[in-house]
Amino acid sequence: MMMISHTQIGLKLCSWNANGILNKISEFKIFVEKYSPDLILLQETHLRPSHTLNIPNYICYRNDFIGVGRARGGTLILVKRNIYHYNVPTTHLQHIEATTVVITPKNLNPIAIITVYIPPTSDDRLFTQDLEYFLQANSNCVIFGDFNASHNMWNCPNNSIRGCRLKAFVDTHDLTIAHPDSPTRFGHRSANILDFAIINNFHYPFTVNSLAELSSDHNPVLLNFSFTPPIHHDNHRAITTCWSSYKNNLNSTIRLEEYAGINNPDVLEEKIQLFTSAVRSAHQHASQPIENTKHPYTPIHIHELVREKNRAKKLYHNTLNPAHKTQYYRLQEKLKKELKKHNQQMWQNKLEALNTRDNSLWQCQKFFRKKSTNIPSLSSSSGVANSDDQKANILALTLKDNFAENKRPGDGSHPIDKEITNTLEKFFTNPPSPPSPPLIQLKFLTTFDDLKTIRPLDQI
């Protein structure tokens with residue numbers, strides 16, 4: 001079990017417009033290892049259903065781009081495995097893309113975490129209809145992502161039409177906007193705050209920061225909520241017990257004949273305490289903590305290159321100097337090459353170390369042959385299915401309905417049945433004549449037959 005350390009008890013969310021995640025996955029894993037957010041919300045993943053994305057210790061829920069042409073858009077949420085939660089299927093939204101996860105802490109009401117991406121081409125006024133749906137479906141929610149809306153309310157230099165519409169929507173519903181002080185998106189000689197969170201009925205203190213890290217035109221944004229009760233608990237009893245040693249310890253410390261013939265309540269209480277102490281001592285001596293030996297290793301030179309790249313990115317964001325931008329892009333490409341070399345070397349070392357004596361070869365092939373996927377929640381007319389039994393029942397009912405024979409009213413006496421029968425009888429009685437070949441085809445065949453009569457030159 002992975003143990004998680006927090007500087008404060010709370011909920012840590014991270015939102016990032018990746019602008020394509022597949023070619024940045026190695027750098028992204030280093031970022032996750034460094035900050036360890038509880039939930040990670042990504043926009044513009046550019047993933048298709050055939051793509052896979054696996055981050056250690058996280059469960060992934062995605063809504064990918066489905067269509068023809070170059071992959072675009074797409075949202076996903078990564079949730080730590082030790083957080084109680086469930087995924088809510090996203091209905092057909094008209095103007096935004098979103099993925100929803102509801103976390104269910106023991107000491108708090110359920111909280112819906114929604115990652116959203118509003119494309120620039122979406123309607124600047126009607127997109128609030130989709131936001132209204134989320135507020136009606138979830139009383140406590142955090143809508144976090146890339147809104148592509150600018151307004152002075154969240155420290156933008158100008159007010160766009162979409163920003164004014166969103167400002168009016170927030171004021172009408174008495175919502176809170178959590179935005180960083182520094183820009184989150186950087187364009188050509190421009191900087192703006194487009195990535196922020198809308199909070200509904202979730203009144204806890206928070207901090208929000210824009211981090212000059214990762215390779216995208218958007219910075220990752222870290223939103224930290226502080227709670228009095230914990231949102232989740234680390235398992236401090238992550239131990240392994242040798243039960244044969246435990247049995248031997250009990251046999252050596254406990255004599256059952258010493259517990260026979262007890263008539264005095266005081267003696268009984270004393271014997272109970274001795275028995276409890278002996279059991280605990282035997283369990284403690286036969287147990288040892290579980291240590292996680294599989295720590296991801298990243299070479300020191302790559303960590304140094306990441307820090308150097310982040311410094312160059314921050315310098316460019318502060319100055320918007322083209323020379324600093326060039327230096328930042330140069331370091332970004334260098335980092336990609338070094339990460340690619342490191343991943344190739346790690347894979348080569350793993351393949352060379354495989355053998356049949358320690359079962360590493362069989363474990364590797366088992367990993368490739370059996371890939372388990374998390375089935376998301378299913379939505380039907382009867383409601384939302386979250387558990388495996390509910391999903392199985394919904395699938396069974398759907399298949400039953402799809403393959404059931406259609407029931408016609410009456411015994412073939414419906415007017416449409418007679419019309420279909422008459423149409424088929426006319427077709428088979430007087431079938432249409434076959435179509436004649438086109439004139440162009442006849443002319444081509446005639447010309448081709450004429451060419452056959454011409455002898456080649458070498459036969460003259």
Side-chain angles (χ1 to χ4, degrees), residues 2 4 12-67 69-83 85-90 96-103 113-117 119 144-146 195 211 213-222 294-298 302 306 332 335-336 339-340 342-344 346-347 350 364 366-378:
M2 183 170 290
I4 305 168
K12 185 189 295 184
L13 308 179
C14 180
S15 174
W16 180 44
N17 184 317
N19 195 16
I21 186 62
L22 286 181
N23 60 342
K24 306 165 186 174
I25 191 65
S26 298
E27 184 184 3
F28 178 66
K29 288 182 178 179
I30 297 177
F31 175 85
V32 173
E33 177 187 351
K34 177 180 179 180
Y35 290 96
S36 186
D38 296 317
L39 287 90
I40 305 173
L41 294 73
L42 299 185
Q43 304 89 40
E44 282 202 276
T45 57
H46 296 178
L47 295 177
R48 293 185 180 274
S50 58
H51 295 147
T52 59
L53 180 67
N54 297 316
I55 303 296
N57 199 37
Y58 285 86
I59 302 175
C60 180
Y61 301 97
R62 298 161 38 182
N63 284 306
D64 300 332
F65 168 77
I66 300 177
R70 183 177 60 88
R72 58 183 182 272
T75 59
L76 69 81
I77 295 182
L78 296 165
V79 188
K80 275 189 175 178
R81 293 186 178 274
N82 63 337
I83 296 180
H85 70 279
Y86 61 88
N87 173 240
V88 178
T90 304
I96 70 177
E97 302 177 25
T99 301
T100 303
V101 166
V102 177
I103 58 178
I113 309 297
I114 307 165
T115 175
V116 298
Y117 171 64
F144 198 5
D146 180 10
D195 307 84
L211 307 176
E213 301 195 23
L214 297 175
S215 301
S216 175
D217 54 345
H218 289 254
N219 281 352
V221 179
L222 205 62
K294 296 182 179 180
H295 295 288
Y297 172 73
T298 305
I302 291 184
V306 169
Q332 179 175 304
L335 176 62
K336 289 181 179 179
L339 286 173
K340 185 177 181 180
H342 172 64
N343 292 334
Q344 291 177 346
M346 292 288 291
W347 180 247
K350 182 178 180 179
C364 184
K366 184 179 179 181
F367 171 78
F368 285 106
R369 292 182 63 183
K370 296 183 179 180
K371 290 188 177 181
S372 59
T373 57
N374 295 315
I375 301 178
S377 301
L378 301 179

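Numbers here simply count residues along the sequence, with the first being 1.
Looking only at side-chain heavy atoms (C-beta outward), Arg62 and Leu47 come within less than 4.5 Å of each other. In this structure, the side chains of Asp195 and Asp146 come closer than 4.5 Å at one or more pairs of heavy atoms. The shortest side-chain heavy-atom distance between Trp16 and Ser216 falls under the 4.5 Å cut-off.
Of the N and O atoms on the side chains of Asn17 and Gln43, not one donor lies less than 3.5 Å from an acceptor on the other residue.
Ring geometry for His85 against Tyr61 counts as perpendicular: the plane angle is over 60°, on a 0 to 90° scale with 30° as the lower cut. The aromatic rings of Phe31 and Phe28 lie parallel to each other, with less than 30° between the two planes, well short of the 60° mark.
Residue pairs meeting the salt bridge (Lys or Arg N to Asp or Glu O under 4.0 Å) criterion with at least one partner in residues 15-27, sequence neighbours excluded, are Glu27-Lys309.
For the side chain to side chain contact (heavy atoms under 4.5 Å, CB included) test, residues two or more places apart in sequence or in another chain that qualify with Ala98 are Leu93, Ile114, Val116, Phe134.
Asn63 places no side-chain N or O within donor-acceptor distance of the main-chain N or O of Gly74, the cut-off being under 3.5 Å. Between the side chain of Arg81 and the backbone N or O of Pro56 there is no donor-acceptor pair closer than 3.5 Å. The backbone N or O of Lys12 sits less than 3.5 Å from a side-chain atom of Asp38, completing a donor-acceptor pair.
Among all heavy-atom pairs drawn from Pro37 and Lys80, the shortest one is O-CE, 3.3 Å. Ile77 and Thr99 get closest at one heavy-atom pair: CD1-O, 3.3 Å. Considering all non-hydrogen atoms of both residues, Lys29 and Asn54 come closest at CE-O, 3.6 Å. Nearest approach of Glu213 to Lys34, heavy atoms of both residues: OE2-NZ, 3.0 Å.
Considering Leu53, Ile40, Val79 in turn, Ile40 is the only one that fulfils the side-chain contact (heavy atoms from CB on, under 4.5 Å) rule with Tyr58.
Here the CG-SG distance, from Leu78 to Cys60, works out to 5.0 Å after rounding to the nearest 0.5 Å. Here Thr115 contributes atom OG1 and Phe144 contributes atom CZ; the two are 9.0 Å apart, rounded to the nearest 0.5 Å. Taking CG from Leu41 and OG1 from Thr75, the interatomic distance works out to 9.0 Å, rounded to the nearest 0.5 Å. The CD1 atom of Ile302 lies 5.0 Å from the NE2 atom of His342; values are rounded to the nearest 0.5 Å. Expressed to the nearest 0.5 Å, how far CD1 of Ile21 lies from OG1 of Thr45 amounts to 8.0 Å. The structure places CD of Glu33 at 7.5 Å from CD1 of Ile30, a figure rounded to the nearest 0.5 Å.
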